[in-house]
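Sequential numbering from 1 along the given sequence is applied to the chain's residues. Both counts, for ligands and for their atoms, begin at 1 and track the order of listing.
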Amino acid sequence: MFCLKSTCELICLLVAICMLTSQSLADDQDFMEDFLKREYSLAKPYRGLGFSSSSQWDLMGTAMVTPDQVRLTPDMQSRQGAVWSRIPLFLKDWELNVHFKIHGQGKKNLHGDGLALWLTKDRMQNGPVFGNMNQFTGLGIFVDTYPNADKTHDRTFPYISMMLGNGTLLYDHDRDGRTTELGGCSAMARNAVYDTFLLVRYSKHRLTLMVDVDGKQEWKECADVTGVRIPLGYFFGASSATGDLSDNHDIISMKLYQLTVEQTPEEEEEEEVTIPRVDNMEQFNVEVEEEGASGVHLFFTLLFSVLGLSVLAVVGIILYGRWKENKRKRFY
Ligand SMILES: [Ca+2]
């Protein structure tokens with residue numbers, strides 16, 4: 001009798017432990033799911049992507065959805081394709097994990113041009129920067145597979161780099177963006193045997209870029225910049241272009257995670273920027289035209305134009321007066 005009772009107790013105890021454990025596992029899962037922001041993420045199955053009104057993404061150009069990927073361009077010449085989020089991003093601290101694949105028939109350097117990831121003010125634009133507009137406003141990350149500045153030989157391609165555009169800065173394709181680059185690294189991400197990933201983290205104005213392209217399941221730092229300010233309300237996107245040279249450029253997933261970061265009272269009161277910028281910009285040797293500076297410039301241009309016109313008008317009136325007087329003198 002005693003034995004039966006203790007067996008019952010033991011079973012009850014085991015059941016209780018099992019229930020508690022599974023509950024805490026479920027809680028952990030909920031916890032993780034809370035951080036993955038589905039509305040900003042693109043992942044399999046891509047149901048209705050680009051077509052249904054409930055989809056959070058739009059397709060553009062040659063981009064097409066297959067069961068395994070969103071193919072931005074096929075391995076064919078002169079193609080441009082993109083996928084853009086429809087929802088503006090209003091998260092301050094986040095991490096974007098991108099699973100991508102670049103592959104094709106071209107040997108040696110006979111392939112191109114690569115793909116780009118975006119977090120920008122404008123979306124769904126055509127243009128020369130990996131299939132997106134130049135003079136963009138926001139963040140651009142380029143997986144550049146073709147060395148355009150081929151005489152430089154200072155880096156191995158594919159080369160991944162990042163740039164912050166303010167609406168006036170130009171990405172120089174002929175120099176593979178060297179003049180405006182905030183940081184970058186070489187990464188053997190083309191025709192790779194392993195799955196290739198890229199991680200962008202933006203937290204407390206620090207922008208970190210990491211890559212995982214050699215199947216080691218660990219992140220390797222690629223670029224790290226502090227003092228980066230990206231306004232809220234921008235759109236995620238990915239684009240690609242081929243020219244004379246081509247490749248398949250695929251996005252398998254783009255997963256956005258919200259980071260929980262404690263803010264100091266000063267950070268909470270910090271004013272939002274309206275134009276992207278990097279503090280201590282001179283360290284990157286990037287020429288940035290300040291919004292304020294261009295306003296002042298415009299003011300003085302107008303002021304001097306008005307002054308110049310006034311002087312001309314006064315001189316004109318005086319000359320006209322003299323001419324009239326001379327004319328009158330001649331009549332008398
Ligand atoms: Ca290039």
Side-chain angles (χ1 to χ4, degrees), residues 60-63 70-83 98 100-120 125-166 168-192 196-198 200 207 209-211 213-214 220 222-223 225 237-251 284-287:
M60 207 185 141
T62 54
V70 176
R71 178 151 291 171
L72 302 174
T73 74
D75 191 359
M76 296 164 96
Q77 292 181 324
S78 306
R79 306 295 155 118
Q80 282 198 2
V83 60
V98 183
F100 66 100
K101 188 169 178 164
I102 302 176
H103 55 116
Q105 301 296 318
K107 297 274 186 289
K108 280 191 175 175
N109 272 340
L110 298 175
H111 52 81
D113 283 317
L115 63 80
L117 301 163
W118 304 98
L119 177 61
T120 51
Q125 305 290 319
N126 271 313
V129 187
F130 298 91
N132 189 23
M133 63 188 280
N134 210 336
Q135 295 186 300
F136 58 88
T137 307
L139 176 67
I141 290 166
F142 315 112
V143 184
D144 189 353
T145 52
Y146 181 74
N148 293 76
D150 53 352
K151 287 188 190 110
T152 318
H153 294 305
D154 60 342
R155 52 180 62 164
T156 313
F157 281 72
Y159 188 85
I160 306 184
S161 67
M162 57 186 188
M163 164 179 172
L164 201 65
N166 61 359
T168 55
L169 279 177
L170 275 167
Y171 174 86
D172 187 348
H173 210 275
D174 294 336
R175 298 185 63 193
D176 302 304
R178 280 174 177 78
T179 47
T180 48
E181 177 187 315
L182 293 182
C185 65
S186 296
M188 298 306 109
R190 183 183 178 267
N191 277 352
T196 47
F197 300 90
L198 196 152
V200 193
L207 189 62
L209 179 61
M210 283 179 275
V211 291
V213 296
D214 44 19
K220 209 177 89 187
C222 182
V225 187
S239 72
S240 176
T242 62
D244 291 341
L245 303 168
S246 66
D247 253 339
N248 295 299
H249 296 98
D250 301 339
I251 296 288
F284 302 109
N285 191 26
V286 175
E287 287 166 24

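Thr242 places a side-chain N or O within donor-acceptor distance of the main-chain N or O of Arg79, the cut-off being under 3.5 Å. Thr180 places no side-chain N or O within 3.5 Å of a backbone atom of Leu164 that could act as its donor or acceptor partner.
Only protein N, O or S atoms were scored, and 5 of them lie under 3.0 Å from the Ca ion (ligand 1).
Taking each heavy atom of Ala116 and Phe130 in turn, the nearest pair found is CB-CB, 3.8 Å.
Atom CD of Gln105 has 12 or fewer neighbouring heavy atoms from other residues, nucleotides or ligands inside a 6.0 Å radius.
Here the CG-CZ distance, from Asp154 to Arg178, works out to 4.0 Å after rounding to the nearest 0.5 Å.
Applying the salt bridge (Lys or Arg N to Asp or Glu O under 4.0 Å) rule to Asp144 yields no partners; only residues at least two apart in sequence or on another chain are considered.
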